[in-house]
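To keep things clear, I will list the structure first and then write my remarks on it.
All values derive from a computational prediction rather than experimental measurement.
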Amino acid sequence: MARVVLFSGAGISAESGISTFRESGGLWDRYDVNVVCNYDSMQKNEAITIEFYDKRRADLEDKEPNYAHDVIADLKEKYPDDIAVITQNVDNLFEKAGLKHEDVIHLHGFMTEVRCQNQQCNKIFDIGYKSLYDAHNGFCPRCGTGFRPNIVFFGEAVPMYEELNRQIQDCELFVVIGTSGNVVGVNTIAQYVQRSILNNYEPSPAIEDALFSKVLYKKATDAIEEIAEEIEAVLESR
Ligand code: APR
């Protein structure tokens, strides 16, 4: 279990040019979440769902990590066992900033991966920025079943939430960066841990900021140095 949990959402990637979901003009303004990110999307709307993720995957190729990703990657390298980097994001900007993929806990899946839809096979392939059908023609080479994006859709189980709960058990400092709090209950976690920092661009109706020890309403790249100082103070304290 980590002493510091760094929990992020789409806002940490906003300054790298990746769209958030619920701000005006965000992804869920432009696409119907119930069509492309629902438990039955692959059954009812396979073509448009695959196209949606193919476009987002291709869009990742030229995106670069920003200063917030870089500082977090440096902290994780300096304190590998004391910091858990947990993100709702499916982009690969923490990896591009130098974090090993296995050192980033992606709660909602990973954009460059596709997964065999056969539950008994379930094999995952990293296809980079290619379209799903350009990877083994869209079918699992092991069992022949069709691929799906390796993304958690609404209404599906989220196995990684167990890992999030495990990581916050002994958490001394819970840091939230760039999430509206609409999906993962950060209020509950903030009440449970010793100390917590909330960094968002602006207040979110889903987050009770009075529950946090410190609140920074500013861009992640402007907040990250103050956050890093506090993380170092905690980890150097014993
Ligand atoms: N710095 C810090 N915070 C920012 C920045 C920035 N530069 N830009 C935007 N934000 C904040 C916004 O204020 C907002 O509160 O990021 C948050 C983004 O909220 P959402 O768009 O709701 O994204 P997120 O909270 O990550 O969504 C959670 O919902 O659709 C699902 O699976 C999807 O993982 C996603 C989940």
*At their closest point, which heavy atom of Ile86 faces which heavy atom of Leu164, and how far apart are they?*
CD1-CD1, 3.7 Å
*Verify, without hydrogens or angle tests, whether Asp82 (side chain) and Arg3 (backbone) share a donor-acceptor contact under 3.5 angstrom.*
no
*CD (Glu162) with more than 12 external heavy atoms under 6.0 Å*: no
I'd like a table of donor-acceptor pairs (distance under 3.5 Å, sequence neighbours excluded) in which one partner is a side-chain atom from residues 146-154, with atom names and distances.
unit_1	atom_1	unit_2	atom_2	d
Arg148	NH1	Glu156	OE2	2.7
Arg148	NH2	Ile151	O	2.6
Arg148	NH2	Glu156	OE1	3.2
Asn150	OD1	Arg115	NH1	2.8
Asn150	ND2	Glu113	OE1	2.7

_Just to verify, which of Thr87, Ile227, Val85 counts as forming a side-chain contact (heavy atoms from CB on, under 4.5 Å) with Ile72?_
Val85
_Check: Asn137 side chain, Phe139 main-chain N or O, donor-acceptor pair, under 3.5 Å_ = no
*Check Leu216 against Ala223 and note the closest heavy-atom contact, atom names and distance.*
CD1-CB, 4.0 Å
*Nearest-0.5 Å distance that lies between atom CD1 in Ile189 and atom CD1 in Ile168*: 4.5 Å
*N/O donor-acceptor pair under 3.5 Å between Asn66 side chain and Ile12 backbone*: yes
*Establish, from distance only, whether the side-chain atoms of Tyr217 and Asn199 form a donor-acceptor pair under 3.5 Å.*
no
_Residues Glu172, Arg195: salt bridge by 4.0 Å N-O rule_ = no
*Could you tell me which residues satisfy side chain to side chain contact (heavy atoms under 4.5 Å, CB included) with Ala58, sequence neighbours excluded, listed by chain and number?*
none
*Specify whether Trp28 and Phe21 have parallel, tilted or perpendicular ring planes, treating 30° as the upper limit for parallel and 60° as the lower limit for perpendicular.*
tilted
_Salt bridge or not between Asp74 and Lys78? Use side-chain N to carboxylate O under 4.0 Å._
no
_We want to know whether Glu15 and Tyr201 form a side-chain donor-acceptor pair, criterion being a heavy-atom distance below 3.5 angstrom._
no
_Flag if over 12 foreign heavy atoms under 6.0 Å of CD, Glu77_ = no
*asked:* With ring pair (Phe, Tyr, Trp, His ring centres under 6.0 Å) as the criterion, how do Tyr31 and Phe52 come out once you've worked through the C-alpha distance, each side chain's angles and the decisive distance to 0.1 Å?
replied: CA-CA 9 Å; Tyr31 294 90; Phe52 174 68; 4.6 Å; yes
*Is it true that the NZ or CZ of Lys123 lies under 6.0 Å from the centre of Phe125's six-membered ring and within 45 degrees of the ring axis?*
yes
*From Ile231 CD1 over to Glu236 CD, what is the distance, rounded to the nearest 0.5 angstrom?*
12.0 Å
*Taking all non-hydrogen atoms of both residues, which atom of Leu93 and which atom of Pro65 are closest, and how far apart?*
O-CB, 3.5 Å
*Would Lys55 and Asp59 satisfy salt bridge (charged side-chain N to carboxylate O under 4.0 Å, His left out), going step by step from the backbone distance to the final call?*
CA-CA 6 Å; Lys55 270 199 271 186; Asp59 179 61; over 6 Å; no
_Using the side-chain hydrogen bond (donor to acceptor under 3.5 Å, both in side chains) criterion, which residues pair with Asp40? Sequence neighbours excluded._
Asn38, Lys44
*Is the His106-Phe94 ring centre distance short of 6.0 angstrom?*
no
*Ile48 atom CD1: more than 12 heavy-atom contacts under 6.0 Å*: no
*Do Lys219 and Tyr67 have a side chain donor and acceptor closer than 3.5 Å?*
no
*Donor on one side chain, acceptor on other, Glu95 and His101, under 3.5 Å*: yes
*Should the heavy atoms of other residues, nucleotides or ligands under 6.0 Å from OH of Tyr161 be counted, would the total exceed 12?*
yes
*How far does NZ of Lys63 sit from CG of Leu60, to the nearest 0.5 angstrom?*
7.5 Å
